[in-house]
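Notes to accompany the following structure.
Proteins come first, then strands; the chains are lettered A, B, ... in the order of their sequence lines, and each starts at number 1. All of these numbers come straight from a predicted model, not from anything done at the bench.
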There are 2 protein chains.
Amino acid sequence: MTAMTDPKPAPATKDSTAKGAVSAHMSAATQADHFRQVRRARETETIEDYVELIADLIDETGEARAVEVGRRLGVSSATVNKMVARLQQLDLVTAQPYRSIFLTDEGRAVAEKSRKRHHTIVEFLLALGISEKTAWADAEGLEHHCSEETLEAFERFSKTNNVGK
Amino acid sequence: MTAMTDPKPAPATKDSTAKGAVSAHMSAATQADHFRQVRRARETETIEDYVELIADLIDETGEARAVEVGRRLGVSSATVNKMVARLQQLDLVTAQPYRSIFLTDEGRAVAEKSRKRHHTIVEFLLALGISEKTAWADAEGLEHHCSEETLEAFERFSKTNNVGK
DNA sequence: AAGAATTGTTAGCCATGGCTAATAATCTCA
DNA sequence: TGAGATTATTAGCCATGGCTAACAATTCTT
Ligand SMILES: [Mn+2]
Ligand SMILES: [Mn+2]
Ligand SMILES: [Mn+2]
Ligand SMILES: [Mn+2]
């Protein structure tokens, strides 16, 4: 028995190209680069969220306890515990058993940077006319996927369009 | 020996609140909701990227072969294979061994929605003045973290600010 | 100071989404 | 048509980031 073959696909004519299709706009290599960038960003987003939150807790309440980190992240304290171990490996925090969590200098730097970026996004969304609720919700995800160039554009826009304030 | 205690943290006075700290703006429960939303978005983003790309390949070249999906995603074909199995479970694609990949109606719907959203973001970034290169790169990550409200605002903005063209 | 409540730790589980290496099927073309 | 090139599959590995349940330490309250 001879091998089955797919119906030979009509080799898309130029004008059958789907408008909006990403692949129509760049080479496979370029597209792959973009996906790789996104995957790299994904590796750090959890870390950024934890560190930023720890800084917030320290600055607002005087200390960061694992329970509270878990509460605000919507995650169990077992999960927080494991993550704190990783953050220690990465030299972003220090912690002793049963004590609260502290930021290293490096951790503090990551936190400040994340916090600033977070703030930039929220301000931008608000300047665009997004509701408070949505702005804060969307910013939590968007913040990890903005290049410097985009962040700068967002800042410029907010500066120009700071409606009421 | 009596239990060690942390140096009792100064219970942050109202004006020691770090400006920009997220926690200053909402309850723990609300913040946790936002983080949960982001985690839910993360669950679907890979699926959306695969399905959108499969649709692009079908529409542009007539068929979606795993090799090409891998090439454009920057991922091995073993990875594509495993993911295609998951997409089948989810009823988003159909595939027979050694044949190319097809979209189900549901898969096609997901693809169209993703493609439209992707397009919305790219147009928006371009309208904002971001370079082509950055716009396409950032959109690949941002697209998975925009609410309907934000997408609509982006569309309105692009419509109003369609610079050249 | 004891008991209760809270907080932290650990073990073991799971799904996701990557990878390499080995093998198998299909396709191309000389 | 058959050999070599391409493409697909499978097995087995790994890190990440969740979870529950059991238990341990600390802190609070009386
Ligand atoms: Mn943040
Ligand atoms: Mn975030
Ligand atoms: Mn997309
Ligand atoms: Mn994407």
Side-chain angles (χ1 to χ4, degrees), chain A residues 1-9 28 32 35-51 53-54 57 61 63-90 93 95-102 144, chain B residues 1-9 28 32 35-51 53-54 57 61 63-90 93 95-102 144:
Chain A
M1 178 193 302
T2 165
M4 253 188 287
T5 54
D6 276 338
K8 202 52 180 218
F35 282 116
R36 264 185 229 105
Q37 271 180 245
V38 175
R39 287 195 296 269
R40 196 163 325 121
R42 264 178 218 156
E43 285 172 19
T44 48
E45 52 187 325
T46 310
I47 289 167
E48 292 165 350
D49 284 339
Y50 273 84
V51 170
L53 176 53
I54 289 167
L57 292 173
T61 72
E63 64 175 348
R65 306 295 316 204
V67 196
E68 190 56 24
V69 172
R71 235 188 305 271
R72 302 198 85 101
L73 239 26
V75 131
S76 77
S77 54
T79 297
V80 173
N81 210 260
K82 230 192 332 182
M83 194 63 192
V84 167
R86 270 191 69 212
L87 297 176
Q88 280 185 276
Q89 295 287 317
L90 296 171
V93 309
Q96 288 90 46
Y98 297 100
R99 302 269 81 102
S100 70
I101 304 154
F102 297 90
H144 311 282
Chain B
M1 178 192 302
T2 163
M4 253 188 291
T5 53
D6 277 338
K8 200 54 182 218
F35 281 117
R36 264 184 230 106
Q37 272 181 244
V38 174
R39 287 196 295 269
R40 195 161 329 123
R42 264 177 219 156
E43 286 171 19
T44 47
E45 52 187 325
T46 310
I47 289 166
E48 292 164 348
D49 284 339
Y50 273 84
V51 170
L53 175 53
I54 289 167
L57 292 174
T61 72
E63 66 175 347
R65 304 297 315 203
V67 189
E68 190 56 24
V69 172
R71 237 190 301 273
R72 302 199 86 100
L73 240 24
V75 130
S76 76
S77 54
T79 297
V80 173
N81 208 260
K82 226 183 350 173
M83 194 61 192
V84 167
R86 271 191 69 214
L87 296 177
Q88 280 185 277
Q89 295 286 317
L90 295 171
V93 309
Q96 288 91 45
Y98 297 99
R99 301 267 82 100
S100 71
I101 305 155
F102 296 90
H144 311 283

Task: B:Thr44 or B:Ala78, whichever maps to the more 5' nucleotide of DNA chain C - done: B:Thr44
- [ ] Send over the distance from B:Leu57 CG to D:dT7 C1', rounded to a whole Å.
- [x] 15 Å
Task: Candidate nucleotides D:dG12, C:dT9, C:dT7, ranked by approach to the side chain of A:Ser77 - the nearest - done: C:dT9
- [ ] Identify whether any heavy atom of A:Tyr50 sits under 4.0 Å from a base atom; if not, whether one sits that close to sugar-phosphate; answer base, sugar-phosphate or nothing.
- [x] sugar-phosphate
Open item on the list: Over all strands shown, is B:Val75 touching base, sugar-phosphate only, or nothing at heavy-atom distances under 4.0 angstrom?
Closed with: sugar-phosphate
Open item on the list: Rounded to whole Å, please give me the gap between CG in A:Asp49 and C1' in D:dT16.
Closed with: 14 Å
TODO: Calculate the interatomic distance between A:Gln96 atom CD and D:dA24 atom P; express it in whole Å.
DONE: 22 Å
Open item on the list: Among D:dC19, C:dG8, D:dT27, which nucleotide has an atom closest to any side-chain atom of A:Val67?
Closed with: C:dG8
Open item on the list: By the 4.0 Å heavy-atom rule, please label A:Thr46 as base, sugar-phosphate, or nothing.
Closed with: sugar-phosphate
- [ ] For A:Gly70, answer base if it contacts any base atom (sugar-phosphate contacts may also be present), sugar-phosphate if it contacts only those atoms, and nothing otherwise; contact means non-hydrogen atoms under 4.0 Å.
- [x] nothing
TODO: Report the residue (A:Thr79 or B:Pro97) whose heavy-atom-nearest nucleotide on DNA chain D is the more 5′ of the two.
DONE: B:Pro97
Open item on the list: As a test of reading the structure: which of C:dT7, D:dG18, C:dA25 is closest to the side chain of B:Tyr98, going by heavy atoms?
Closed with: C:dA25
